[in-house]
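Taking it in order: structure first as structure tokens, then the write-up.
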Amino acid sequence: MASRIARAWGWLRGNPWVKTALSPPGYLSLGFLTLGGFVAGVIFWGGFNTALEYTNTEKFCVGCHEMEANVFEELKGTIHFTNRSGVRATCPDCHVPHEWTNKIARKMQASKEVWGHIFGSIDTREKFLSMRKHLAEREWTRMKANDSLECRNCHSDESMDLTKQNPRAASAHEQFLFSGQRTCIDCHKGIAHRLPDMSGVPGWQ
């Protein structure tokens with residue numbers, strides 16, 4: 001075992017890339033290289049964060065005609081778009097988590113959507129309608145798994161005043177939501193976009 005470690009160490013030290021990385025700088029001072037690395041890191045992080053935030057805007061989301069002509073048009077007719085309080089929920093408010101780690105994970109998942117845009121999976125109204133149920137069920141599953149996290153970013157159990165809700169809604173929230181038996185998306189499918197054919201969807205009447 002010791003001989004294997006010695007051979008591996010010898011190979012590592014003899015590797016030209018490793019030797020270059022470990023050798024003292026021949027032309028630039030260590031301080032300059034450290035400062036340069038810090039500046040480069042700041043520029044990289046700034047660029048990365050700027051790009052991340054830009055892709056987290058409604059303008060970016062509706063930049064593809066598939067979104068603008070279909071789901072965005074549907075959103076315009078809902079209370080999440082226009083209401084008496086003047087508070088609008090944009091695409092990322094409902095489809096992208098606010099916490100950084102979860103946001104990055106969601107962005108990685110969204111790469112599939114970019115792939116679909118490039119290859120025209122839903123580039124016509126007919127294609128979109130044929131895929132609507134699949135797309136909706138995938139999003140419902142995601143929101144069910146995270147306990148409707150995006151809904152809860154704005155709506156909280158503690159802030160709900162059941163006395164200001166109609167009796168049916170108040171009863172449902174108290175019986176199912178507050179007890180943890182169900183989550184928001186279980187009952188509020190179609191709150192911002194039209195529903196697909198709901199036949200075969202569990203728990204839907």
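Residues: numbered from 1 along the sequence shown.
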**Verify same cluster id: Met143, Leu195 (apolar side-chain graph, 4.5 Å)** =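 They do share one cluster, since a chain of ILVMFWY contacts under 4.5 Å joins Met143 to Leu195.
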**Request:** Using the rule that two of Ile, Leu, Val, Met, Phe, Trp, Tyr join whenever any of their side-chain heavy atoms come within less than 4.5 Å, decide whether Val201 and Ile185 are in one cluster.
**Result:**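 Same cluster: Val201 reaches Ile185 through Ile, Leu, Val, Met, Phe, Trp or Tyr contacts under 4.5 Å.
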**Request:** Work out which heavy atom in Ser156 is nearest to a heavy atom in Ser159; give both atom names and the distance.
**Result:**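 Answer, listing the atom of Ser156 first, then Ser159: OG-OG, 2.8 Å.
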**Item:** Counterpart residues, side-chain hydrogen bond (donor to acceptor under 3.5 Å, both in side chains), relative to Ser199 (two or more places apart)
**Value:**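 Only Asp197 meet the side-chain hydrogen bond (donor to acceptor under 3.5 Å, both in side chains) criterion with Ser199.
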**Asked** Where does the angle between the aromatic ring planes of Phe60 and Tyr54 fall among parallel (under 30°), tilted (30 to 60°) and perpendicular (over 60°)?
**Response**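 The rings of Phe60 and Tyr54 stand perpendicular, inter-plane angle above 60°.
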**Prompt:** In terms of the angle between their ring planes, are Phe48 and Phe44 parallel, tilted or perpendicular, with boundaries placed at 30° and 60°?
**Reply:**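 Aromatic pair Phe48/Phe44 classed parallel.
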**Request:** Determine, step by step, whether Asp157 and Arg152 satisfy the salt bridge (Lys or Arg N to Asp or Glu O under 4.0 Å) criterion, reporting the C-alpha distance in whole Å, the side-chain angles of both residues, the deciding distance to 0.1 Å, and the verdict.
**Result:** CA-CA 8 Å; Asp157 302 352; Arg152 295 176 186 276; 3.5 Å; yes
Using the test salt bridge (charged side-chain N to carboxylate O under 4.0 Å, His left out), find all partners of [X] that sit at least two apart in sequence or belong to another chain.
| X | value |
| --- | --- |
| Lys103 | Glu53 |
| Lys107 | none |
| Lys76 | Glu73 |

**Prompt:** Do the side-chain N and O atoms of Glu66 and His117 include a donor-acceptor pair separated by under 3.5 angstrom?
**Reply:**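 Result is yes, a qualifying pair exists.
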**Prompt:** Between Ser179 and Gln181, is any side-chain donor less than 3.5 angstrom from a side-chain acceptor?
**Reply:**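 Side-chain D/A pair, Ser179 to Gln181: present.
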**Asked** After noting the C-alpha distance and the side-chain angles of His95 and Glu139, does the key distance pass the side chain to side chain donor-acceptor pair (under 3.5 Å) rule?
**Response** CA-CA 8 Å; His95 295 283; Glu139 190 65 2; 2.7 Å; yes
**Request:** Can you sort out the partners of Ala110 under side chain to side chain contact (heavy atoms under 4.5 Å, CB included), two or more places apart, ordered by chain and number?
**Result:**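 Ala110 satisfies side chain to side chain contact (heavy atoms under 4.5 Å, CB included) with Arg106, Glu113 once adjacent residues are dropped.
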**Message:** Under 4.0 Å between a side-chain nitrogen and a carboxylate oxygen: does that hold for Glu68 and Lys59?
**Reply:**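 The answer is no: the pair does not qualify as a salt bridge.
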**Request:** Just grab all the salt bridge (Lys or Arg N to Asp or Glu O under 4.0 Å) pairs involving residues 165-194, residues at least two apart or on different chains.
**Result:**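 Salt bridge (Lys or Arg N to Asp or Glu O under 4.0 Å) check on residues 165-194 returns Lys144-Asp186.
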